Every structure is written in structure tokens, then in C-alpha cells.
Chemist: 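Structure in C-alpha cells, see below.
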Amino acid sequence: MFDDMRSRLEAYYARAYPARQHIRVTRLDNTTTGWETEIYSFDIEYEQAGGLRSDALIMRVYPGADARVRAAHEFRNLQELHAMGYPVPRVVLLERESSGFNQPFILMERIEGEVMWTPLGNASPNEQQHLLRQLCILLVRLHRLDWRPFGTHASHNVLQNPYSFTDQALSLALDYHQHFPEVGMLPIIKWLEARRHMVPCAHLSPVHWDFHPGNILLRPDGVAVVIDWSSLTVSDSRFDLAWSLLLVLSHSGVEMRDRLLQEYERVAGAVVEQLEFFEVFACARRLFSTAVSLSGGAERLGLRPSAARMMKYNRVKFERVYNLLRQRTGIRIAETERMLSSLPQ
């Protein structure tokens, strides 16, 4: 498999960069770990202007019907963030057409380092606190960036309607419910609708939508770099924080979640108001995508087909999410309980 991939990469690179000669791909590896994109790591060696050069690259391949849009979106996001001085990989190339591959992709520099989950799980309490602070500094910094380079016409509407983002989220949730009523999320949507008036958006922020230790690379010099920007948009930063807290809860438990929130508020210098609303939305989002994917709809949600197989063996994580949902709302969802009971222990 890799021999064919290597040949296609070399041929593509020769077409994209005709001034580069004797192109050779080495150290090719599939490093995919997430649910949405397929990722390859490789070195590219070539001659240019009489000298031998080498680049360490990542190829991020996008699945689904909207792959071209998502690839272009992430490429532009990374360009803007890099220009702002935010720590992200430098993008090299956007390919919207297939050009010998099955899906659109982007090429970016490869950051050498390890994901933050690894040291966070093995560190002493003091070292863990240092890492959590590092994560929160990055997250607060993101939420305080100028949102306008990432905004759309809809973003500007929030300046007149502080409930615009919440209304968009509720409208999307209702739309998903209409397409997948068997998931049983309507009681949660009603719970959220009844509290919509409590959560006006005070300020607009760029939000990552998947900010967690698995998307933070720690270089050998300790510098942290944030990856996976395909979902970046402008919204209420509480949606972003709630999602981060939920992912940490599902991966590491409630104590780590609480420490993360305390550190975020310490770095931000303020208590996050009405966070429960956004946590419930995050729980519903996670459980919905899980239920639909396990029933054969992963690709309909823009996820890789293998996402369902990965979800199947995460019962403990999903139980933590469901327990939080019940704690916040007092609502039991029979459909979710049946789904959880069907997963391997």
C-alpha cells in the first residue's frame, strides 16, 4: 500500500513543483488517530538550485461530500492563525482536486513532538498543573484573538442579536433530530430551548471546536503547537470551552475536568457564566454523533467510515458523558442507555 502511495506522492510533488528534481519520499507513515481526516507523515527529498533539500511534512486528507470546502477552510484558517503569531503548523499547499488521490488534501509542516495526553497522563500533580495551564493559556489566547478574519455575515449578526449563535445551535439540533429522531434527543433540545434566554453572547471569539490535549503537540523544547483546525469558526467561546471540558472528562474523569475549568478561569481572570447550558449542548452533540455513527451514519456526519469502529470500544468515555448529561438536566434517555448497553465492556 505504501509503495503506491509513495509513487503517487512523488508524481504529484513533481507536478506541483517542476523546478524540483530527483524527488523522493521517505519515512512515509499513516498516523491517523482521529475520526474526521486521514493523516500521512513523510519526508520529501529533492534537488533545487544545485542543492539537496528535505522537508518534513504532514498530508491531511478529507473525506465526505464537503471535503473540498473543508480542506480550503482549514488551509485558510491555518494561514490566518500563523500570520497572527498563534502556534500552528505552517501550511505548504492546498489541493482541492484529486490529482491522483481520492480526496482533497493539504500539506503542512510536520511538528516533531508528542501529543499532550501522554505527559498529562504520566506526570506528577505539579507537572500536570503546568500542562493544564499551558493548555488554558492557549485556549484563552485563542478566544481573545481578533475574530474578524474568521467571521462571516452571520457572525456580524451577533452584534445585533446576542442569541444568534445559540439559535443557530438549537436550529441545527432540531434539524438533526428531524433526520434522526430515533436517537431520542428531543427532551434535551427542549431543555436547552427553555434556557436559551439565559445565555446571550457577550463577545465573539474564534473557536476551535475540538480543543483538547490530543490536538496539542509538545515540541522537545516545550513549545506547544495546536493542530486540527478544520472546524474553526466564530461563536460564543463557551461552546468551545464546554467541548474541551467534556473531552477531558470523558478521557480522564471528572477531577481532571474540574482542574481544567479552574485553570481556565484563573487564566481568563473571570468565572464562566451559565456554563451548564453549553455543557449540556456538548453532551448532546457527543452522544448524538455516537448514536448516528454506530447505526451506520458516520459518513453522513462528515466522519471517516472507521469512526464507528473506534467509537464502539469507548463505552466508559460515553458513559461519563451520559452521566454528566443526567447530572445537569435530570433527564434519562432510553435510546442512549440502550446504545451504551450494546457496547463492549
Side-chain angles (χ1 to χ4, degrees), residues 34-37 66 69-70 72-89 116 134-159 161-173 192 196 199-216 224-250 257 260-261 263-265 267-268 270 272-286 288-289 301-302:
W35 296 354
E36 295 188 8
T37 58
D66 61 346
V69 173
R70 292 168 59 216
H73 179 69
E74 182 161 14
F75 187 83
R76 186 182 70 83
N77 291 339
L78 286 164
Q79 283 183 318
E80 292 286 356
L81 289 162
H82 191 269
M84 290 178 168
Y86 195 85
V88 297
M116 188 180 280
Q134 196 172 13
L135 183 154
C136 289
I137 288 172
L138 287 169
L139 189 53
V140 170
R141 181 180 170 188
L142 171 65
H143 292 162
R144 291 179 176 172
L145 288 178
D146 182 0
W147 60 270
R148 288 170 296 183
F150 311 101
T152 63
H153 179 72
S155 304
H156 290 269
N157 290 342
V158 179
L159 300 176
N161 175 14
Y163 297 98
S164 180
F165 290 135
T166 304
D167 290 343
Q168 290 172 27
L170 291 172
S171 176
L172 182 63
L192 291 166
R196 172 257 192 195
V199 291
C201 180
H203 67 277
L204 286 70
S205 300
V207 296
H208 185 283
W209 276 118
D210 202 22
F211 200 104
H212 59 80
N215 279 331
I216 300 177
V225 179
V226 186
I227 60 173
D228 193 1
W229 293 92
S230 61
S231 299
L232 175 69
T233 187
V234 174
S235 187
D236 189 317
S237 61
R238 291 173 292 183
F239 280 114
D240 213 21
L241 173 61
W243 188 248
S244 298
L245 292 171
L246 183 70
L247 294 180
V248 169
L249 167 76
S250 66
R257 175 262 175 209
L260 179 61
L261 175 58
E263 195 59 42
Y264 181 92
E265 292 180 332
V267 172
V272 181
E273 302 290 344
Q274 300 296 336
L275 181 60
E276 293 82 1
F277 176 95
F278 299 91
E279 286 189 299
V280 169
F281 183 86
C283 289
R285 176 188 170 200
R286 175 56 101 196
F288 171 85
S289 64
L301 298 177

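Worth saying up front: this structure is predicted, and the values here are computed from it rather than measured.
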Chemist: Using a 6.0 Å distance limit plus a 45 degree cone around the ring axis, check whether R238 lies over the aromatic ring of F277.
Modeler: no
Chemist: Do you know which of D240, L260, V267 makes side chain to side chain contact (heavy atoms under 4.5 Å, CB included) with L139?
Modeler: D240
Chemist: Looking at side-chain heavy atoms only, is the closest gap between D228 and T37 below 4.5 Å?
Modeler: no
Chemist: Between S235 and V207, is a side-chain contact (heavy atoms from CB on, under 4.5 Å) present by the stated rule, with each step listed?
Modeler: CA-CA 6 Å; S235 187; V207 296; 3.8 Å; yes
Chemist: Would you sort out whether H143 and Y264 count as a side-chain contact (heavy atoms from CB on, under 4.5 Å), showing the intermediate values?
Modeler: CA-CA 11 Å; H143 292 162; Y264 181 92; 2.8 Å; yes
Chemist: May I ask you to test the F281-T166 pair for a side-chain heavy-atom distance under 4.5 Å?
Modeler: no
Chemist: When you measure from the side chain of Y86 to the backbone of E80, do you find a donor-acceptor pair of N or O atoms at a distance under 3.5 Å?
Modeler: no
Chemist: Can you find a pair of side-chain heavy atoms, one from L78 and one from H82, that are under 4.5 Å apart?
Modeler: no
Chemist: For the pair N215 (side chain) and D210 (backbone), establish whether a donor and an acceptor sit closer than 3.5 Å, ignoring hydrogens and angles.
Modeler: yes
Chemist: Considering residues at least two apart in sequence or located in another chain, which fulfil the side chain to side chain donor-acceptor pair (under 3.5 Å) criterion with R285?
Modeler: none
Chemist: I'd like to know if the side chain of N77 and the backbone of H73 have a donor-acceptor N/O pair within less than 3.5 Å.
Modeler: yes
Chemist: Hey, is the main chain of W209 close enough, under 3.5 Å, to the side chain of W243 for a donor-acceptor pair?
Modeler: yes
Chemist: Begin from the C-alpha positions of D236 and V199 and carry the test side-chain contact (heavy atoms from CB on, under 4.5 Å) through to its verdict.
Modeler: CA-CA 10 Å; D236 189 317; V199 291; 5.8 Å; no
Chemist: Evaluate L275 against L245 for side-chain contact (heavy atoms from CB on, under 4.5 Å), listing each step before the verdict.
Modeler: CA-CA 10 Å; L275 181 60; L245 292 171; 3.7 Å; yes
Chemist: Do any N or O atoms from the side chain of R286 and from the backbone of L247 form a donor-acceptor pair under 3.5 angstrom?
Modeler: no
Chemist: Taking the side chain as C-beta and beyond, is there a heavy-atom pair between R196 and D167 under 4.5 Å?
Modeler: yes
Chemist: Does the side chain of Q134 reach to within under 4.5 Å of the side chain of I216, using non-hydrogen atoms?
Modeler: no
Chemist: Hey, is the main chain of L246 close enough, under 3.5 Å, to the side chain of E279 for a donor-acceptor pair?
Modeler: no
Chemist: Less than 6.0 angstrom separating the ring centers of F150 and W229, yes or no?
Modeler: no
Chemist: P149 versus Q79: any side-chain heavy-atom pair under 4.5 Å?
Modeler: no
Chemist: Just wondering, do V226 and L142 contact through their side chains at under 4.5 Å, heavy atoms?
Modeler: no
Chemist: Can you tell me how far apart CG (L204) and CG (D146) are? Round to the nearest 0.5 Å.
Modeler: 10.5 Å
Chemist: Side chains of H203 and S237, heavy atoms from C-beta outward: is any pair under 4.5 Å?
Modeler: yes
Chemist: Working to the nearest 0.5 angstrom, can you tell me the gap between I227 CD1 and E74 CD?
Modeler: 9.0 Å
